[in-house]
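Report on the following structure.
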Protein chains: 4
Amino acid sequence: MTHSGARDRTGGRRPRRHDPGRRIRILDAALDVLVERGMTGMTHRHVAARADVPLGSVTYHFAGLAELQAQAFARFVELQTAVFERLFDDVGTREEFVEVLVDLVHASPARQRSAVLGFELHLAALRDPGLRVLAEAWTRSSQEALARFVGAEAAARLDALLEGMIMHALLATGPRSREAARAAIDPAVERPGPDGFPRTQGEHHVR
Amino acid sequence: MTHSGARDRTGGRRPRRHDPGRRIRILDAALDVLVERGMTGMTHRHVAARADVPLGSVTYHFAGLAELQAQAFARFVELQTAVFERLFDDVGTREEFVEVLVDLVHASPARQRSAVLGFELHLAALRDPGLRVLAEAWTRSSQEALARFVGAEAAARLDALLEGMIMHALLATGPRSREAARAAIDPAVERPGPDGFPRTQGEHHVR
Amino acid sequence: MTHSGARDRTGGRRPRRHDPGRRIRILDAALDVLVERGMTGMTHRHVAARADVPLGSVTYHFAGLAELQAQAFARFVELQTAVFERLFDDVGTREEFVEVLVDLVHASPARQRSAVLGFELHLAALRDPGLRVLAEAWTRSSQEALARFVGAEAAARLDALLEGMIMHALLATGPRSREAARAAIDPAVERPGPDGFPRTQGEHHVR
Amino acid sequence: MTHSGARDRTGGRRPRRHDPGRRIRILDAALDVLVERGMTGMTHRHVAARADVPLGSVTYHFAGLAELQAQAFARFVELQTAVFERLFDDVGTREEFVEVLVDLVHASPARQRSAVLGFELHLAALRDPGLRVLAEAWTRSSQEALARFVGAEAAARLDALLEGMIMHALLATGPRSREAARAAIDPAVERPGPDGFPRTQGEHHVR
DNA sequence: TATGAATGAGGGTTCATTCAT
DNA sequence: GATGAATGAACCCTCATTCAT
């Protein structure tokens, strides 16, 4: 098995001559499949069916399954980074910051989707170095977004706490109370120093 | 063509000796495979090869792949619960408790293994209600172990934090510093009340 | 494949030491399975499940699947011959004879069962000479039973007609009218000669 | 282990040329297998071997074994209907008609083949409603062909008689005498009415 | 004696991938 | 450029049969 010329796993978009939307549609379909059936179910055929394109179209646009997966994860990280950034756009006070984080761990369908994809990425990255850079990029961007409001170390801690809480929330049968979530998150958010809140203003152009 | 149009299957030739304990060995092999190749690689063949038994032996002992997976996860939860319990056997002070938790998030190979299995279980449970009860049992037993030293709510928070940190540690390329880990964990462990530490003494026989 | 010592396909009952009923129960279960799932479904396991005996019990009492099938068919022929004989026990007149035959082609559940088994035997016998003697025995006994009332040639014709009608009746969706059946059968039954009806009296001890 | 934990299937190497007509060849091979090995032997692998195509080719062209069987039976009915029609093309008199029918029950190899297929279809249809319509179509077309020469009720009777005789002929060890067959068939064919023979003239374009 | 354990063949099916069109 | 046909590996699973108990 020669890996059949997949570039560096995330690059190399290849054809794109016309109908450029099709490539994106396939990637989004791949993420849908990933959410619903897991890595095990991520096959050319399932993706093609989901994207409503012929089977050949998937193999045509992507050099192999591994590349399709890598690019799908890349798209996920890209989209998710933007979403995560925007999440804090209206945050002005510490209370608002905490409130957004509490929302974060509550499993709306959209949240659920991205959480599942994130965990799939994490697990896949454990065994595929090519995906590892994506996972790290995602973690870094998350922590950078948090670091607009708390210190770097606190951001890392907070990120870990949120990740664990989200995982627990995913599996919880009954809806978790916001109060419990807030009680967990609030202490992990630093009190604002004399320099106000948020800590750092300005540049948060991720990537 | 033989004497009849009947199914011409000829039976096996060399049945191996009676081998009690084979079931368990298959389950352990299944967990090994799960760690190394993920859910995607968890096939009858890989498991059989890992356990060094014929393919038919795996299908003989387990009614289907789903049952093999479920029982493998069940064995993981059972083993891990005991391990987790024992982790705190020698803990007498708050400092020792924190130290054990810091160890926990540092990725020794054994830790890494159980962490990966735990995350795989979490993800699999999302799509399989039958596994959900196992995942919940695992979470509950973890939190109960922690709750010997901190309150129930704190235990839940601590568990989430640890889970997130372990996942981050799994993916981190360089080794994390113990100090950073301690700085994250320590504040999440309640100060002992007037009733000393640990909170609850005595019986922690997990069943 | 050496046929593993099956006697002459129909003989050789083998153990019968105690619980002699079990062997019969297995054969009857085999016929049940044959009716419901066809030759394709006639497996040791299905038969064992149907007879409610352990799998090993089936392989123990029968030297191989072919022998089980052969003996099951033998039992069918034996039972069916007796049933067919008895069918005409109360027949005294030509009209009664025709009426019994009309009943015969009407698919009561019991009829349906034996018809299916008969056709399965026919088809299986095409490819297995060992079964062919059974099929011939069955045909012969049927025609002999009929020949108590009509001539030998007429019996053969009548038998063929009945067989074809039964097959058609099996597949017919709606219930066939008795009149149509009688209209087909009646002309195929000879008018009684001056020697009365039935033609031959006495010995019909089928063995 | 390669670059990833992904499914490590390597694709095929030497796709053969585009081969229209392969579908049909597979269906014909399936019928051959059905004749020789019965329903029990009708497997993807046997059919593939018979058609001299790779296993994957059979599963590619047919969504499942059931569909392969259904389409094979459909092809049989289609072909056989045409053959049966043509059988009577040169029939002008009642005697010729009877003679053709007598031929019919005599087991030439080609006859044998279609007879076996027909009986297999009958039996399979008993357990598969999807095949039932095919069996009915076949029966109907047979009777319609006969009904060109005799009345509808007589056609049904004649069809049943022929079917039974063919089955008996299939199993008979020695060749049956034509006279016996004629003696059975002739009385079942109506005497031509005043309108001559055949009853209906002209167009017998089946479908 | 009777039965569960064990095994390798083979069952239907899905799949990544290649190639001709 | 884009796609269906084609293929062989591997998938899960069932099976007849043998053997130890």
Side-chain angles (χ1 to χ4, degrees), chain A residues 1 4 14-19 22 40-46 48 53-66 68, chain B residues 6-20 22-23 43-46 48 53-66 68, chain C residues 1 4 15-19 22 40-46 48 53-66 68, chain D residues 6-20 22-23 40-46 48 53-66 68:
Chain A
M1 177 173 8
S4 59
R14 272 249 269 186
R16 196 186 1 180
R17 203 58 63 104
H18 71 299
D19 187 6
R22 168 160 292 197
T40 302
M42 240 209 144
T43 70
H44 281 123
R45 279 162 176 78
H46 287 153
V53 299
L55 169 59
S57 190
V58 179
T59 61
Y60 174 70
H61 283 83
F62 302 91
L65 190 58
L68 169 61
Chain B
R7 204 177 290 92
D8 48 358
R9 298 171 185 147
T10 19
R13 281 295 112 112
R14 184 185 41 74
R16 219 159 278 170
R17 295 299 139 78
H18 186 62
D19 177 9
R22 168 166 293 196
R23 244 184 57 91
T43 71
H44 280 123
R45 278 163 178 77
H46 287 152
V53 298
L55 171 59
S57 191
V58 179
T59 60
Y60 172 73
H61 283 282
F62 301 92
L65 189 59
L68 172 58
Chain C
M1 177 168 16
S4 60
R16 194 185 8 178
R17 201 58 62 105
H18 70 298
D19 187 6
R22 167 161 294 195
T40 302
M42 240 208 144
T43 71
H44 281 123
R45 280 161 177 78
H46 287 153
V53 300
L55 169 60
S57 191
V58 179
T59 62
Y60 173 71
H61 284 82
F62 302 90
L65 189 58
L68 170 60
Chain D
R7 202 178 290 94
D8 48 358
R9 298 174 185 144
T10 19
R13 282 295 109 114
R14 187 185 40 73
R16 218 160 278 170
R17 294 299 140 80
H18 185 63
D19 177 11
R22 169 166 292 196
R23 244 184 58 92
T40 301
M42 223 199 159
T43 71
H44 280 122
R45 282 164 177 80
H46 286 154
V53 299
L55 170 59
S57 190
V58 180
T59 61
Y60 172 73
H61 283 282
F62 302 92
L65 188 58
L68 171 60

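Per chain, numbering begins at 1; letters A, B, ... match sequence-line order. Hydrogens, waters and symmetry mates are skipped; everything else that's a heavy atom, side chains included, is used.
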Rounded to the nearest angstrom, tell me the gap between atom [atom1] in [X] and atom [atom2] in [N].
{"X": "Phe62(D)", "N": "dA5(F)", "atom1": "CZ", "atom2": "C1'", "result": "14 Å"}
{"X": "His46(C)", "N": "dT14(F)", "atom1": "NE2", "atom2": "C1'", "result": "8 Å"}
{"X": "Leu65(B)", "N": "dT14(F)", "atom1": "CG", "atom2": "P", "result": "12 Å"}
{"X": "Leu68(C)", "N": "dT17(F)", "atom1": "CG", "atom2": "C1'", "result": "13 Å"}

Could you pull out all residues at least two apart from Ser57(C) that satisfy side chain to side chain donor-acceptor pair (under 3.5 Å)?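 Ser57(C) satisfies side chain to side chain donor-acceptor pair (under 3.5 Å) with Arg22(C) once adjacent residues are dropped.
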
Is a donor-acceptor pair below 3.5 Å formed from side chain Arg22(D) to base dA5(F), judging by atom type as modelled?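 No such pair is found, so the answer is no.
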
I want to check one thing: is the phosphate of [N], taken as OP1 and OP2, less than 4.0 Å away from some side-chain N or O of [X]?
{"X": "His44(B)", "N": "dA10(F)", "answer": "no"}
{"X": "Ser57(C)", "N": "dT3(E)", "answer": "yes"}
{"X": "His18(B)", "N": "dA20(F)", "answer": "no"}
{"X": "His61(D)", "N": "dA6(F)", "answer": "yes"}
{"X": "Thr59(B)", "N": "dC13(F)", "answer": "no"}

Which nucleotide in dT3(F), dA10(F), dT17(E) has an atom nearest any side-chain atom of Leu55(A):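 Of dT3(F), dA10(F), dT17(E), dT17(E) is nearest to the side chain of Leu55(A).
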
Taking for each residue the nucleotide of DNA chain E bearing the nearest heavy atom, is the 5' side occupied by Gly56(C) or by Ala66(D)?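 Its nucleotide being nearer the 5' end, the pick is Gly56(C).
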
Which comes earlier along DNA chain E counting from the 5' end, the contact point of Arg45(A) or that of Tyr60(B), where each point is its nearest nucleotide?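 Mapping each residue to its closest nucleotide by heavy atoms, the 5'-most match is Tyr60(B).
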
Got a sec, which residues hit side chain to side chain contact (heavy atoms under 4.5 Å, CB included) with His44(D), two or more places apart in sequence or on another chain?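 Result, side chain to side chain contact (heavy atoms under 4.5 Å, CB included) vs His44(D): Leu55(D), Val58(D), Thr59(D), Leu65(D), Leu68(D).
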
For DNA chain E, just give me the dot-bracket, please: Watson-Crick or G-U, both distances below 3.5 Å, ( ) intra-strand, [ ] crossing earlier pairs, | paired with another strand, . unpaired. .||||||||||||||||||||

